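First the structure, in the form of structure tokens, and then the observations on it.
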Number of protein chains: 2
Amino acid sequence: MKDSPDISRVASLIGDPARANILTALMSGKALTATELAHEAGVTLQTTSAHLAKLDEGGLIRPRKEGRHKYFTLASEDVAHVLEALMGLAAGSGHLRHRPGPRDPELRHARVCYNHLAGDMGTQMYDSLIARGLILHSDKALNLTLSGRDFFTGLGIDLDAFPASRSPMCRDCLDWSERRSHLAGRLGRGLLAHFESTGWAQRIPESRVIRFTAPGKKSL
Amino acid sequence: MKDSPDISRVASLIGDPARANILTALMSGKALTATELAHEAGVTLQTTSAHLAKLDEGGLIRPRKEGRHKYFTLASEDVAHVLEALMGLAAGSGHLRHRPGPRDPELRHARVCYNHLAGDMGTQMYDSLIARGLILHSDKALNLTLSGRDFFTGLGIDLDAFPASRSPMCRDCLDWSERRSHLAGRLGRGLLAHFESTGWAQRIPESRVIRFTAPGKKSL
DNA sequence: AATATGCTTCGTTTACGGTCGAACTATGAA
DNA sequence: TTCATAGTTCGACCGTAAACGAAGCATATT
């Protein structure tokens, strides 16, 4: 009767509106403080503190103390993956009670999904990388090819400089808006960081929208 | 402030223990009646009826009236995908309060995940199919190759006989136990059905365990 | 030291939702 | 028709947890 992992614990954590807002805000990949998250969630700091404690205890977020601030990030890419999948369901199954405001088309076009590029631009880039043989779907997961390695180093991206965390180099993540894969993983994060540092793209503050500049559009 | 789809609605639906049990039971892919689900969930029929109404209203399950019975199934593969992803989080993030009972290793070895094969056997089969060039990762998704088409028809599986639903022919779905991809989609369902009809495998009643017979093990 | 800022803990209130008993509807069997 | 089984609806109860005010720590800044 109790054979599968206990879904309801995690799901009920995400199920509270305030906590869902917190997690959605953290999908940007930026580390946010408790007060910032309180503002995002629309509740006071006290209740936010309680929520953050529960999310931490549930393993969904990871705290980091820095001076008198406490920064929070999502605990892993798996969490981000689950959240995107849930957004897909929520967007599909009616109940999209956010009327398509002015920023919505921009969100579908290009947005940040836990520090990598998502939306229409994200899936286009993913397709292009596959078509040019720079990344490859091997047995189990996505892998970087040799020519891909050359390509990215030629672009001025130092692949070995990435922190050697346990997260894979390449990973696919599916969009709730496009319902197709885009590139995640260390390479996905590195690419977006590169776009920003070269001025090809910039994040719009207080949202997940990414806007590409004119020179940035020629990269495809 | 309200730019992404509303996650909390869906998540809170899954967040209730009784409903989570119901959804987990439906992961077997079999259509179950309200009373069966009530038994699964451990609550009375009245409350189950309320839960089922909410799950239906939320678009997670789909009812089907058959005589005086009412059968329920998951609404789509996307729902199953989200549930598996949640199981992955729940299994990873501590709190696996189901002590590894006798059936647990069997579950990790081979189980049914919304009518297709999952677990160790599932990912092995997936890898083997890819390695032999029978299915291919193209731009966006998984595709059946021509040689794959021949192979399966040679095996006695009539691909065109599958109901031409909107769900894709091939699809990858990731395991909570193996943390790797296995084959889903119409082909995945068809293969498992084929295994059962030829006597290579059989489902263990009242669980998601699949047990392979001796002749079935030679198929790899 | 003194003050300010960021966050946590405590205690209380409040409200929402899960639960079941009992009565009602619907479909099938005798 | 009558009885039985499957499911729904209603109403009331109850528990839990979300929310905030107020006070308590902790880490800066002056």
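Model, not experiment: these values are computed from the prediction. Both backbone and side-chain heavy atoms feed into the values below; hydrogens, waters and symmetry mates do not. Residue numbering restarts at 1 for every chain, and letters A, B, ... go by the order of the sequence lines.
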For A:S12 and for B:Y71, locate the closest nucleotide of DNA chain D by heavy-atom distance; then report the residue assigned to the nucleotide nearer the 5' terminus.
->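 Comparing both residues, the 5'-ward one is B:Y71.
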What is the separation between atom [atom1] on [X] and atom [atom2] on [N], rounded to the nearest whole Å?
{"X": "B:I22", "N": "D:dG7", "atom1": "CD1", "atom2": "C1'", "result": "14 Å"}
{"X": "B:F72", "N": "D:dG7", "atom1": "CZ", "atom2": "C1'", "result": "9 Å"}
{"X": "A:R9", "N": "D:dT16", "atom1": "CZ", "atom2": "P", "result": "14 Å"}
{"X": "A:K54", "N": "D:dA19", "atom1": "NZ", "atom2": "P", "result": "9 Å"}
{"X": "B:R64", "N": "D:dG7", "atom1": "CZ", "atom2": "P", "result": "13 Å"}
{"X": "B:H39", "N": "D:dA6", "atom1": "NE2", "atom2": "C1'", "result": "16 Å"}

Base, sugar-phosphate, or nothing: which does B:T33 touch, judged by heavy atoms less than 4.0 Å apart?
->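 Sugar-phosphate, no base atom in range.
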For B:A110, check side chain to side chain contact (heavy atoms under 4.5 Å, CB included) against everything at least two apart and list the hits.
->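 Side chain to side chain contact (heavy atoms under 4.5 Å, CB included) list for B:A110, sorted by chain: B:L117, B:M121, B:I210, B:F212.
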With the criterion being N/O to N/O and under 3.5 Å, what pairs connect the protein with nucleotides 21-26 of chain D, and how long is each?
{"from": "D:dG21", "atom 1": "N7", "to": "A:Q46", "atom 2": "NE2", "distance (Å)": "2.6"}

Covered region of DNA chain C, 5' end to 3' end, by chain B [heavy atoms, under 4.0 Å] =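 Contact span on the strand: C:dG18 to C:dG28.
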Would you name the heavy atoms of B:A34 and B:T48 that are closest together and state the gap between them?
->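 In terms of heavy atoms, the two residues are closest at O-CG2, 3.8 Å.
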Charged N to carboxylate O below 4.0 Å: is that the case for [X] and [Y]?
{"X": "B:R62", "Y": "B:E57", "result": "no"}
{"X": "A:E77", "Y": "A:R186", "result": "no"}
{"X": "A:R208", "Y": "A:E40", "result": "no"}

Take B:F152 and B:L187 through the side-chain contact (heavy atoms from CB on, under 4.5 Å) test and state the conclusion after the steps.
-> CA-CA 9 Å; B:F152 290 119; B:L187 180 58; 3.7 Å; yes
Please identify each residue that fulfils ring pair (Phe, Tyr, Trp, His ring centres under 6.0 Å) with A:H116, with sequence neighbours left out.
->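 If we apply the ring pair (Phe, Tyr, Trp, His ring centres under 6.0 Å) test to A:H116, skipping adjacent residues, the hits are A:H182.
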Who passes salt bridge (charged side-chain N to carboxylate O under 4.0 Å, His left out) against B:R68, sequence neighbours left out?
->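 Result, salt bridge (charged side-chain N to carboxylate O under 4.0 Å, His left out) vs B:R68: none returned.
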Has A:T47 got a side-chain N or O lying under 4.0 Å from the OP1 or OP2 atom of D:dC20?
->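 For D:dC20, OP1/OP2 do have a side-chain N/O of A:T47 under 4.0 Å.
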Residue pairs fulfilling salt bridge (charged side-chain N to carboxylate O under 4.0 Å, His left out) with at least one residue in residues 16-25 of chain B, sequence neighbours excluded =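 Residue pairs with at least one partner in residues 16-25 of chain B: there are none.
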